[in-house]
Engineer: 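Mind looking over this structure? Questions follow.
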Amino acid sequence: MTAARSQTVGIVGLGRMGRPMARCLLRAGFSVRGVDSDPAAAEAARRDGIVLAPDCTELARFSDSILVLAGFESQVEQILFGPQGIVAGARPGTPVMIA
């Protein structure tokens with residue numbers, strides 16, 4: 001169990017669902033990185049102790065697993081495959097969960 005807690009979880013979307021999930025992960029001992037297009041949501045998450053990434057590619061580079069919380073399919077597509085998307089930075093085999 002100790003090894004899992006040293007892992008870094010990346011969260012894309014730090015709004016109503018993502019920020020509470022990130023706080024729970026922090027309390028459980030995980031390292032959490034996050035990114036959000038809304039500056040207010042990102043700042044609130046930063047105040048909670050979440051390390052912010054400048055974009056999804058950088059988030060993926062430093063994450064052992066990634067949770068994507070987006071409202072629309074087109075957003076998910078951009079988050080995954082866009083020029084600064086997860087695919088550009090994730091290591092092979094990185095689990096990506098879409099909620």
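In this chain, residues are counted from 1 in sequence order. Here the structure is a predicted model, which is why all the values come from computation and not from measurement.
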Engineer: Does the side-chain contact (heavy atoms from CB on, under 4.5 Å) test come out yes or no for Asp55 and Glu58, once each step is laid out?
Structural biologist: CA-CA 6 Å; Asp55 56 50; Glu58 286 300 306; 3.7 Å; yes
Engineer: Could you tell me whether a side-chain N or O of Gln75 sits under 3.5 Å from a main-chain N or O of Phe72, the two making a donor and an acceptor?
Structural biologist: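 Such a contact is found between Gln75 side chain and Phe72 backbone.
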Engineer: Do any N or O atoms from the side chain of Thr57 and from the backbone of Ala88 form a donor-acceptor pair under 3.5 angstrom?
Structural biologist: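 Judged by distance alone, no pair lies under 3.5 Å.
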Engineer: For Arg33 and Ile11: C-alpha separation, side-chain torsions, deciding distance, then whether side-chain contact (heavy atoms from CB on, under 4.5 Å) applies.
Structural biologist: CA-CA 6 Å; Arg33 286 185 175 266; Ile11 297 183; over 6 Å; no
Engineer: Look at Asp36 together with Arg19 and state whether they make a salt bridge at an N to O cut-off of under 4.0 Å.
Structural biologist: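 Here Asp36 does not pair with Arg19 in a salt bridge, since their nearest N and O are not under 4.0 Å apart.
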Engineer: Other residues, nucleotides and ligands only: do more than 12 of their heavy atoms fall within 6.0 Å of CD on Glu43?
Structural biologist: yes
Engineer: Membership question, hydrophobic clusters at under 4.5 Å side-chain separation (ILVMFWY): are Ile50 and Leu69 in the same one?
Structural biologist: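 Linked within one cluster.
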Engineer: With a 4.5 Å cut-off on side-chain heavy-atom distances among I, L, V, M, F, W and Y, is there a chain of contacts connecting Ile66 to Met21?
Structural biologist: no
Engineer: Could you tell me the separation between the OG atom of Ser31 and the CD atom of Gln7, rounded to the nearest 0.5 Å?
Structural biologist: 10.5 Å
Engineer: Before giving the answer on side-chain contact (heavy atoms from CB on, under 4.5 Å), spell out for Ile86 and Val68 the whole-Å C-alpha distance, their side-chain angles and the decisive distance to 0.1 Å.
Structural biologist: CA-CA 10 Å; Ile86 289 170; Val68 177; 3.7 Å; yes
Engineer: Assigning hydrophobic clusters by single linkage (Ile, Leu, Val, Met, Phe, Trp, Tyr; side-chain heavy-atom cutoff under 4.5 Å), is Leu52 placed with Val12?
Structural biologist: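 No, no single cluster joins them.
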Engineer: Pro20 and side-chain contact (heavy atoms from CB on, under 4.5 Å): which single residue from Arg23, Arg16, Met17 fits?
Structural biologist: Arg23
Engineer: Give the intermediate values and the outcome of side-chain contact (heavy atoms from CB on, under 4.5 Å) for residues Val32 and Val51.
Structural biologist: CA-CA 6 Å; Val32 179; Val51 176; over 6 Å; no
Engineer: So which atom in Ser37 and which in Pro39 form the shortest heavy-atom distance, rounded to 0.1 Å?
Structural biologist: O-CD, 3.3 Å
Engineer: Flag yes if more than 12 heavy atoms outside Arg91 fall under 6.0 Å of its CZ atom; otherwise flag no.
Structural biologist: yes
Engineer: Would you compute the distance between atom OG1 of Thr94 and atom CZ of Arg61 and round it to the nearest 0.5 angstrom?
Structural biologist: 12.0 Å
Engineer: Considering non-hydrogen atoms only, spot the tightest contact between Asp64 and Pro95 and give its length.
Structural biologist: O-CD, 3.2 Å
Engineer: Donor-acceptor pair, distance only, cut-off 3.5 Å: does the side chain of Ser63 make one with the backbone of Leu59?
Structural biologist: yes
Engineer: Same hydrophobic cluster for Met97 and Phe62, using side-chain heavy-atom links shorter than 4.5 Å among ILVMFWY?
Structural biologist: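 No; Phe62 is not reachable from Met97 via cluster members.
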Engineer: Would Val35 and Phe81 show up in the same hydrophobic cluster when neighbours are defined by side-chain heavy atoms closer than 4.5 Å?
Structural biologist: yes
